Number of protein chains: 2
Amino acid sequence: MTQRRARLIDVADAAGVSIAAASRAMSGSTGVSDAIAARVRRVAGEMGYVANVHARTLAGGASTTIGLLVHEIGDPYFTEIAGGVLRLGAQQGLTVQIGHTGRDPDAELTQVRALVANRVRAIVIAGSGFVDAAVQAPVKAELQAFQAGGGRVAVIGRHHLGADAVLPDNHAGGRSLAEHLLALGHRRIAFAVGSRALTTVADRLAGIAEALASAGLDLDDLPVVEEEFTRAGGRRATHAILDAHPDVTAIAALNDDMAIGVLAALRARGVSVPGEVSVSGFDDVPVAEYLWPALTTVRLPMAEMGEQVLELALKPASSRPRRRLTGHSLVVRDSTAAPRG
Amino acid sequence: MTQRRARLIDVADAAGVSIAAASRAMSGSTGVSDAIAARVRRVAGEMGYVANVHARTLAGGASTTIGLLVHEIGDPYFTEIAGGVLRLGAQQGLTVQIGHTGRDPDAELTQVRALVANRVRAIVIAGSGFVDAAVQAPVKAELQAFQAGGGRVAVIGRHHLGADAVLPDNHAGGRSLAEHLLALGHRRIAFAVGSRALTTVADRLAGIAEALASAGLDLDDLPVVEEEFTRAGGRRATHAILDAHPDVTAIAALNDDMAIGVLAALRARGVSVPGEVSVSGFDDVPVAEYLWPALTTVRLPMAEMGEQVLELALKPASSRPRRRLTGHSLVVRDSTAAPRG
DNA sequence: CTGAAAGCGCTTACAG
DNA sequence: CTGAAAGCGCTTACAG
């Protein structure tokens with residue numbers, strides 16, 4: 001019942017040529033007459049021949065698959081990035097393997113090893129690094145070995161991995177956002193943030209602190225509630241903030257997912273947005289503009305970041321890691337306004 | 001500069017055993033003394049040895065990667081499904097390749113071929129099929145050949161692919177939804193739907209038609225606006241509906257993404273929900289409960305569906321395709337209410 | 001252009 | 001248990 005698929009040798013036989021000629025015809029490389037190439041391809045098509053990637057790669061052909069590691073595909077930030085990678089990958093005839101890391105260094109290491117085992121052409125890692133560099137030392141070592149062996153690595157938002165990197169404009173974005181809230185007149189601002197062990201959170205907060213300082217405010221004097229970097233986390237953070245600081249006029253969530261939770265919690269408590277409390281997010285995920293009120297946020301070009309990081313990964317290695325800054329833009333919608341006189 | 005990775009032969013040499021023994025030690029198969037196995041693994045660890053999957057698979061080892069095809073990873077329905085597949089896959093030590101089909105039969109065929117070329121253990125396809133079976137004939141043929149060669153295939157929501165299938169409860173879900181709207185007293189209901197060439201749309205609509213018929217209504221007498229199966233599509237459909245039928249009391253979108261667009265469009269036109277118009281979705285994507293108003297919808301267990309379809313794909317082939325129905329539940333939230341007296 | 005042959009890095013019968 | 005050897009399905013120098 002299990003019937004073998006046609007192999008290259010079968011195609012070659014059927015076409016009456018050597019396996020070498022058939023190989024050249026199928027891989028589209030030079031050194032075959034057009035006539036033979038055409039014949040081989042026709043025969044292959046008729047036989048339903050599909051080259052075995054394992055054999056091809058093992059024999060020295062370049063790998064056609066790339067590995068992508070994300071925190072969690074269901075997090076819209078990563079969904080968008082993955083979309084960009086998949087789009088450009090398909091366009092380049094590349095296959096993409098995706099794995100979850102769950103922001104767990106051990107899981108990340110396991111996933112990296114799996115990609116190494118698959119001898120992928122390049123490994124792309126998206127997602128915040130850890131402020132504590134020691135945590136990611138094993139992964140870094142594995143990636144270095146992979147690169148030493150000719151593999152390529154490119155990352156999004158990981159500063160210290162010794163690889164080409166696309167760097168989201170977290171610091172400047174944080175600053176823009178805080179400036180916006182300050183310009184509206186807010187002073188009693190609370191922050192709903194993910195784990196400060198993440199560089200993403202640390203960087204965004206640093207930018208915010210900078211803007212606050214320019215306005216004579218100290219971030220340390222303001223409520224910063226650390227929670228899960230999710231909708232549920234935003235919801236919980238909001239209750240904590242309102243319970244302890246009922247007089248806040250704005251809540252800045254450090255990503256849109258949290259902001260969605262903030263909006264829901266405020267609604268549940270009957271607090272009007274932006275009438276009583278302004279709310280802002282970060283990332284500008286696709287649904288942000290559809291929320292009610294439409295979310296003021298900092299836009300990061302996530303899908304493009306996905307394409308850019310793959311572009312970097314496809315370039316030959318350079319003597320020193322490349323860095324590409326993303327830029328950002330403040331998107332003011334309906335969820336922020338001046339505080340009530 | 002490019003330094004070779006350690007091969008199994010290098011490990012074997014360093015451990016002072018044959019390559020066969022080393023292979024057995026590393027793959028965890030039987031036929032090696034514990035002492036040797038332990039030594040080999042220690043040496044391998046020290047050398048940073050990571051087995052080459054291509055060589056392993058080519059030599060006859062079972063493939064450890066599975067292929068997943070989705071319409072578009074950014075569509076939350078597929079995001080959830082992919083999450084389920086990735087989660088179970090990681091747990092089983094499997095690697096997952098993901099590709100976009102964009103609901104384009106040609107792209108789907110290309111992606112299937114790529115997975116076949118990679119000799120994946122199983123191919124999982126999520127996403128609506130086409131009412132016109134002819135459209136997917138080439139893909140079906142390719143999948144049959146793949147299965148004939150010992151590959152496994154499992155699908156979500158594709159009836160006619162001759163493979164194990166997880167079948168979303170589209171028909172019954174549609175009926176539940178329509179019954180809910182009818183029970184509230186709605187009669188002038190409009191539908192914002194994706195392409196009717198998709199079985200998903202056809203099935204949901206059929207269930208709806210059935211419920212309407214029981215209430216003495218004919219779906220053909222009601223406005224059904226076909227648009228892109230997206231937020232933007234929902235927005236456009238809403239404008240079309242309100243322009244042509246300003247007296248509707250409810251708009252049922254056939255997925256949550258469209259419903260999100262419907263809500264936004266109604267807001268833009270100053271129509272209150274559910275005061276003037278009730279709105280419902282389908283799927284219960286994670287953000288649905290966070291919307292304002294929180295969305296009434298039909299819940300499909302998407303993440304579980306992802307796990308289930310992978311489970312099916314990992315089982316040995318059966319004589320005839322297995323089918324697994326998902327069930328559904330109506331989730332009534334704040335976006336539906338009785339029409340205004 | 002064309003083809004015979006070596007080799008990629010493993011696994012798995014087959015002997016011992 | 002242990003190892004020598006064949007073979008998986010390709011690609012790529014190397015000759016012709």
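Lettering follows sequence order; numbering is per chain, from 1. As a basis for the values below, the full set of heavy atoms in this structure was taken, side chains included, without hydrogen atoms, waters or symmetry mates. These figures come from a predicted structure and were not determined experimentally.
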Tell me which nucleotide, if any, is Watson-Crick or G-U wobble paired with D:dT2 when both distances must be under 3.5 Å. C:dA15
Could you state the [atom1]-[atom2] distance from [X] to [N], rounded to the nearest angstrom?
X	N	atom1	atom2	answer
A:Arg24	D:dG9	CZ	P	21 Å
B:Leu8	C:dC8	CG	P	14 Å
B:Leu58	D:dC10	CG	C1'	8 Å
A:Ile9	D:dG7	CD1	P	14 Å
B:Asp34	D:dT2	CG	C1'	15 Å
B:Arg7	C:dC10	CZ	C1'	11 Å
A:His54	C:dC8	NE2	C1'	14 Å
B:Ile19	D:dA5	CD1	C1'	11 Å

Given [options], identify the nucleotide with an atom nearest to the side chain of [X].
X	options	result
B:Ser27	D:dA4, D:dG9, C:dT11	C:dT11
B:Tyr49	C:dG3, D:dG3, C:dC10	C:dC10
A:Ala20	C:dG3, D:dC1, C:dT2	C:dG3

Side-chain donor-acceptor contact under 3.5 Å, B:Thr199 with B:Ser128: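 The answer is yes; a qualifying pair exists.
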Check the surroundings of atom CD in A:Glu304: do more than 12 heavy atoms from other residues, nucleotides or ligands lie under 6.0 Å from it? no
OP1 or OP2 of [N] sitting under 4.0 Å from any side-chain N/O of [X]?
X	N	value
B:Ser29	C:dT11	no
B:Ser23	C:dT11	yes
A:Ser33	C:dT2	yes

Comparing nearest nucleotides in DNA chain D, the 5'-proximal residue of the pair B:Thr30, A:Val50 is B:Thr30
Go through the N and O atoms of the side chain of B:Arg119 and the base of D:dG9, and report whether any donor-acceptor pair is under 3.5 Å. no
Does the D:dG9 base have a donor-acceptor partner in the side chain of A:Arg5 within less than 3.5 Å?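 There is none.
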Answer whether the closest heavy-atom distance between the side chains of B:Leu314 and B:Leu94 falls below 4.5 Å.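 A side-chain contact under 4.5 Å exists here.
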Does B:Ala21 reach a base, just sugar-phosphate, or nothing at all? Heavy atoms under 4.0 Å. sugar-phosphate
When the ring planes of A:His71 and A:Phe78 are compared, do they come out parallel, tilted or perpendicular, using 30° and 60° as the limits? perpendicular
Note: A:Asp164-A:Arg152 ion pair, threshold 4.0 Å (strictly below): yes
